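Quick caveat: nothing in here was measured; it's all calculated off a predicted structure.
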Amino acid sequence: MAVYAGPVQDLIDELGRLPGIGPKSAQRIAFHLLKLSRDDAARLARSIVDAKDRVTFCRQCFNIAEGSVGALCAICSDDRRDRSVVCVVEEPRDIVAVERTGEYRGRYHVLQGAISPIEGVGPDQLRVKELLARLDDEGVEEVILCTNPNIEGEATALYLGRLLKPLVARVSRIASGLPVGGDLEYADELTLGRALEGRRDVDT
Ligand SMILES: [Zn+2]
C-alpha cells in the first residue's frame with residue numbers, strides 16, 4: 001500500500017528490505033534521510049557504493065576482503081596464522097567477535113549463513129563445498145564449529161560435525177555457556193574466549 005509520493009515510497013521500500021528494519025523503522029529512517037543536507041545524503045550514498053566497489057569476499061574463507069574479486073582477506077594473507085586450525089563461523093562479523101578474544105591464532109571459514117529449513121537454507125546454499133575443498137589443500141587438522149548458540153547454529157554444527165568427523169583429525173564445538181538463543185557477536189570476549197578454550201570434541 002503506497003501512501004507516499006513515488007520517490008519517498010521507493011526509499012521506504014528499499015530500507016524495509018534491510019535486515020532487522022520493519023516498516024515503521026523504514027519510515028522513520030526515510031524521513032530522517034529526507035531532512036539531511038544534500039551533501040550528507042550524497043556521502044551516505046557514496047559510502048554504500050564505495051564499500052560495494054572496494055570490498056569483496058575472500059576467495060579462501062569468504063571473510064570480507066579489500067580489493068577486487070579473487071583477493072585474500074587480511075587473516076588468510078597473514079603467514080603467522082596457524083593453517084592447521086579452521087574456525088567455522090556463520091558471518092564475517094563472527095570473526096570480529098572471535099578475534100576480540102585474542103585467544104585464537106588459526107584461520108576461519110565463513111559459511112555465509114546457517115541451515116534453516118524454515119527459510120529454505122540447506123547446506124547447498126552455504127559455503128560447505130568450499131570448506132571441504134580446503135581440508136586437504138591446507139592440511140587442516142582441527143575444525144572448530146563456532147556457529148551461533150541458537151537453533152539454526154546448532155543444526156548447522158550437528159550437520160557439519162557428522163560430515164567432517166571422518167575427514168579431519170579433530171572436530172570440536174565451542175563449549176556451551178554462551179547465552180542460548182543469542183548471537184556470537186553479542187557475547188563478551190571473556191565468555192567467548194572461555195567457550196573457545198573449553199571446546200569439546202564432537203561425538204557422532
Ligand atoms: Zn580469508
Side-chain angles (χ1 to χ4, degrees), residues 54-116 121-150 152-178 183-185 187 189-204:
R54 292 166 48 196
V55 174
T56 181
F57 291 109
C58 173
R59 69 161 189 268
Q60 196 157 273
C61 75
F62 301 95
N63 183 17
I64 280 165
E66 249 180 90
S68 47
V69 177
L72 284 175
C73 72
I75 293 171
C76 286
S77 38
D78 184 350
D79 287 334
R80 292 165 302 181
R81 305 291 300 218
D82 184 353
R83 297 179 72 89
S84 68
V85 191
V86 171
C87 180
V88 175
V89 295
E90 294 177 23
E91 300 290 348
R93 62 174 186 261
D94 300 325
I95 293 184
V96 177
V98 176
E99 285 296 292
R100 262 201 323 250
T101 68
E103 303 261 327
Y104 183 67
R105 297 302 304 156
R107 300 197 182 199
Y108 294 92
H109 189 83
V110 181
L111 294 169
Q112 295 188 325
I115 293 174
S116 169
V121 181
D124 291 347
Q125 278 80 48
L126 305 173
R127 300 289 181 178
V128 174
K129 268 199 325 283
E130 292 85 348
L131 173 62
L132 295 180
R134 291 182 65 186
L135 300 178
D136 272 345
D137 287 0
E138 296 170 45
V140 175
E141 286 162 22
E142 180 179 1
V143 174
I144 305 172
L145 301 171
C146 209
T147 48
N148 286 326
N150 54 26
E152 292 81 13
E154 294 298 345
T156 309
L158 195 68
Y159 171 83
L160 288 177
R162 285 187 186 137
L163 183 72
L164 297 172
K165 200 80 199 289
L167 307 173
V168 198
R170 186 178 184 202
V171 183
S172 58
R173 171 85 174 119
I174 47 166
S176 46
L178 291 171
D183 283 348
L184 287 189
E185 61 175 325
E189 49 263 44
L190 206 67
T191 309
L192 185 54
R194 271 198 218 115
L196 206 57
E197 207 181 337
R199 65 189 185 270
R200 296 213 183 88
D201 287 12
V202 167
D203 41 26
T204 43

- request: Step by step, work out the side chain to side chain contact (heavy atoms under 4.5 Å, CB included) result for Leu167 and Asp136.
  value: CA-CA 9 Å; Leu167 307 173; Asp136 272 345; over 6 Å; no

task: May I ask you to say whether Glu99 pairs ionically with Arg107, meaning some side-chain N is under 4.0 Å from a carboxylate O?
output: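 Not counted as a salt bridge, because no side-chain N and carboxylate O are separated by less than 4.0 Å.
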
field: All side chain to side chain contact (heavy atoms under 4.5 Å, CB included) counterparts of Arg170, not counting sequence neighbours
entry: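 Side chain to side chain contact (heavy atoms under 4.5 Å, CB included) list for Arg170, sorted by chain: Glu142, Ser172, Arg199, Asp201.
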
- prompt: Partners of Arg200 by side chain to side chain contact (heavy atoms under 4.5 Å, CB included), sequence neighbours excluded?
  reply: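 Expected list: none.
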
Quick one: closest heavy-atom pair of [X] and [Y], and the distance?
X: Thr156; Y: Ile115; result: OG1-N, 2.8 Å
X: Glu152; Y: Ser116; result: CG-CB, 3.7 Å
X: Ala71; Y: Thr56; result: CB-CG2, 4.2 Å
X: Val128; Y: Tyr159; result: CG1-CE2, 4.5 Å

- prompt: Just wondering, are more than 12 heavy atoms of other shown residues or ligands nearer than 6.0 Å to CD in Glu197?
  reply: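 Result for CD/Glu197: open.
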
Is there a side-chain contact between [X] and [Y] in this structure, where contact means two heavy atoms from C-beta onward sitting under 4.5 Å apart?
X: Val202; Y: Val143; result: no
X: Val88; Y: Tyr108; result: no
X: Cys87; Y: Val89; result: yes
X: Leu145; Y: Leu158; result: no

Approximate separation, where rounding is to 0.5 Å, of [X] [atom1] and [Y] [atom2]:
X: Leu111; Y: Leu160; atom1: CG; atom2: CG; answer: 6.0 Å
X: Leu192; Y: Cys146; atom1: CG; atom2: SG; answer: 6.0 Å
X: Tyr104; Y: Asp82; atom1: OH; atom2: CG; answer: 7.5 Å
X: Thr191; Y: Leu196; atom1: OG1; atom2: CG; answer: 12.0 Å

task: Please step through side-chain hydrogen bond (donor to acceptor under 3.5 Å, both in side chains) for the pair Thr147 and Arg173, ending with a clear verdict.
output: CA-CA 9 Å; Thr147 48; Arg173 171 85 174 119; 3.3 Å; yes

field: Sole candidate of Glu130, Glu90, Gln125, Arg127 that passes side-chain hydrogen bond (donor to acceptor under 3.5 Å, both in side chains) when paired with Gln112
entry: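 Running side-chain hydrogen bond (donor to acceptor under 3.5 Å, both in side chains) over Glu130, Glu90, Gln125, Arg127 with Gln112 returns exactly one hit, Arg127.
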
Would you say [X]'s side chain and [Y]'s backbone share a donor-acceptor pair under 3.5 angstrom?
X: Asn148; Y: Asn150; answer: no
X: Arg105; Y: Arg81; answer: no
X: Lys165; Y: Val171; answer: no

message: Walk me through whether His109 and Arg134 qualify under side-chain hydrogen bond (donor to acceptor under 3.5 Å, both in side chains).
response: CA-CA 9 Å; His109 189 83; Arg134 291 182 65 186; 3.1 Å; yes

- request: For the pair Leu131 and Leu126, evaluate side chain to side chain contact (heavy atoms under 4.5 Å, CB included) and give the outcome as yes or no after the intermediate values.
  value: CA-CA 10 Å; Leu131 173 62; Leu126 305 173; over 6 Å; no

Return all side-chain donor-acceptor pairs below 3.5 angstrom for residues 59-67, not counting sequence neighbours, or 'none' if the list is empty.
{"from": "Arg59", "atom 1": "NH1", "to": "Gly70", "atom 2": "O", "distance (Å)": "2.6"}

task: For Leu72 and Cys58, run side chain to side chain contact (heavy atoms under 4.5 Å, CB included): C-alpha distance rounded to whole Å, both residues' side-chain angles, the deciding distance at 0.1 Å, then the answer.
output: CA-CA 5 Å; Leu72 284 175; Cys58 173; 3.9 Å; yes

